[in-house]
Amino acid sequence: PRAGAPMSFADMVAKLQPAVVNISTTQKVTVQSNPFAGTPFGNMFGDQGGGGEGGTITRQGQSLGSGFIISADGYIVTNNHVVSAGTRTAVVESITVTLTDRKEYKARLVGRDQSSDIAVLKIEAAGLPFVRFGNSTSARVGDWVVAIGSPFGIGSTVTAGIVSALQRATGQGGAYDRFIQTDAAINQGNSGGPLFDMNGNVI
């Protein structure tokens, strides 16, 4: 291969993969037991409250995504939407982190920033594998990058590509609407997972 094109990503991935985790939540979702409550059809389906809101029922929901360990004592970075309630009527009851060796830990939400879609979790563990942040401002269009995710039920997945564009705006607005675009395949459940440069740093 030409200079800079690796023969294989295997050695780098072997070091990084154990620090990428699966993150799942359990959520309590409150929904109307009668979808027609408060409408003229409400009484037909059991709304006897004179057009009121009707009863509610509670269901279980979940969300799935990835994250990466940034310290040996268990601090983890992920996307805020991975650990957020899926609807206005949902409440996140618990967050579970699963490592590549299938060990599971209950996680505590340390902090979140909705505008940048970043959240930090903490698990009670020691001696964990972790990865480091690089300097994304040094990334160039055409650089090789590797994405690692841990979708639930599939296990860890690795994809490779290049930096397709820098400072990419999605139209969502805000101070953080400047993204690195890549053609590395992103699978369902990759949300919150890291993108690595060829030095194994998160960009």
Side-chain angles (χ1 to χ4, degrees), residues 16-39 42 45-49 52-131 133 147-158 170 172 174 176-177 179 186-195 202:
L16 301 175
Q17 205 165 24
V20 180
V21 301
N22 170 263
I23 298 174
S24 61
T25 68
T26 58
Q27 302 182 21
K28 182 170 66 176
V29 186
T30 303
V31 297
Q32 292 288 337
S33 58
N34 175 4
F36 295 99
T39 74
F45 294 90
D47 180 6
Q48 303 298 326
E53 291 300 315
T56 60
I57 57 176
T58 301
R59 295 177 177 165
Q60 289 294 319
Q62 64 178 7
S63 67
L64 300 171
S66 303
F68 52 100
I69 305 170
I70 60 169
S71 68
D73 60 345
Y75 281 94
I76 296 168
V77 172
T78 186
N79 281 139
N80 180 56
H81 72 262
V82 170
V83 293
S84 297
T87 65
R88 290 186 298 107
T89 60
V91 176
V92 175
E93 294 187 308
S94 66
I95 304 171
T96 301
V97 170
T98 305
L99 307 188
T100 54
D101 61 6
R102 298 297 181 182
K103 288 183 180 178
E104 292 188 354
Y105 298 87
K106 291 299 180 185
R108 173 172 56 90
L109 180 65
V110 175
R112 66 185 350 149
D113 180 58
Q114 188 172 358
S115 62
S116 61
D117 195 23
I118 295 294
V120 177
L121 309 177
K122 178 71 169 65
I123 60 175
E124 296 305 318
L128 295 172
F130 64 94
V131 294
F133 285 102
I148 303 180
S150 187
F152 187 73
I154 301 175
S156 184
T157 61
V158 181
T170 64
Q172 300 177 41
Y176 301 102
D177 193 16
F179 291 92
I186 304 300
N187 301 296
Q188 186 173 7
N190 264 79
S191 285
L195 185 71
V202 180

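Position 1 is the first residue of the sequence, and the numbers go up from there.
Sorted by first and then second residue, the salt bridge (Lys or Arg N to Asp or Glu O under 4.0 Å) pairs involving residues 112-127 (not counting sequence neighbours) are K122-E124.
Counting heavy atoms from C-beta outward, N80 and I118 have side chains that stay 4.5 Å or more apart. You'll find the side chain of I95 stays beyond 4.5 Å of the side chain of K106, heavy atoms only. For the pair V21 and F68, the minimum side-chain heavy-atom distance is 4.5 Å or more. Side chains of I69 and Y75 form no contact here, defined as non-hydrogen atoms less than 4.5 Å apart.
When all heavy atoms of A19 and P129 are compared, the pair lying nearest together is CB-O, 3.7 Å. Nearest heavy-atom pair across A119 and V83 is CB-CG2, 3.8 Å. Heavy-atom minimum distance, V20 versus P194: CG2-CG, 3.8 Å. Here the closest heavy-atom approach between residue Q27 and residue A85 is recorded as OE1-CA, 3.5 Å. L64 approaches S24 most closely through the heavy-atom pair CD2-CB, 3.5 Å. What you find for P18 and T100 is that their closest heavy atoms are CA-OG1, 3.6 Å.
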| task | Any chance you could lay out the side chain to side chain contact (heavy atoms under 4.5 Å, CB included) test for I76 and V97, step after step, and finish with the verdict? | result | CA-CA 9 Å; I76 296 168; V97 170; 3.8 Å; yes
| said: With side chain to side chain donor-acceptor pair (under 3.5 Å) as the criterion, how do S66 and N190 come out once you've worked through the C-alpha distance, each side chain's angles and the decisive distance to 0.1 Å? | reply: CA-CA 6 Å; S66 303; N190 264 79; 5.5 Å; no
| task | Just do the side chain to side chain contact (heavy atoms under 4.5 Å, CB included) check on F133 and V202 with the steps written out, would you? | result | CA-CA 5 Å; F133 285 102; V202 180; 4.1 Å; yes
| task | Applying side chain to side chain contact (heavy atoms under 4.5 Å, CB included), run through I23 and L121 and close with a yes or a no. | result | CA-CA 10 Å; I23 298 174; L121 309 177; 3.8 Å; yes
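Side-chain N or O atoms of D177 include one that pairs as donor or acceptor with a backbone N or O of T170 at under 3.5 Å.
Looking at residues two or more places apart in sequence or on another chain, you find a side chain to side chain contact (heavy atoms under 4.5 Å, CB included) between Y105 and L99, K103, I123, A125.
In this structure, CZ in F130 is found 9.5 Å from CG in D73, a value given to the nearest 0.5 Å. From T98, atom OG1 reaches atom CD of E104 across 4.0 Å, with rounding to the nearest 0.5 Å. Of the inter-residue distances, the one linking I186 atom CD1 with L195 atom CG reads 7.0 Å to the nearest 0.5 angstrom.
Under the 3.5 Å distance criterion, with hydrogens and angles disregarded, a donor-acceptor pair is assigned to the side chains of S94 and T26.
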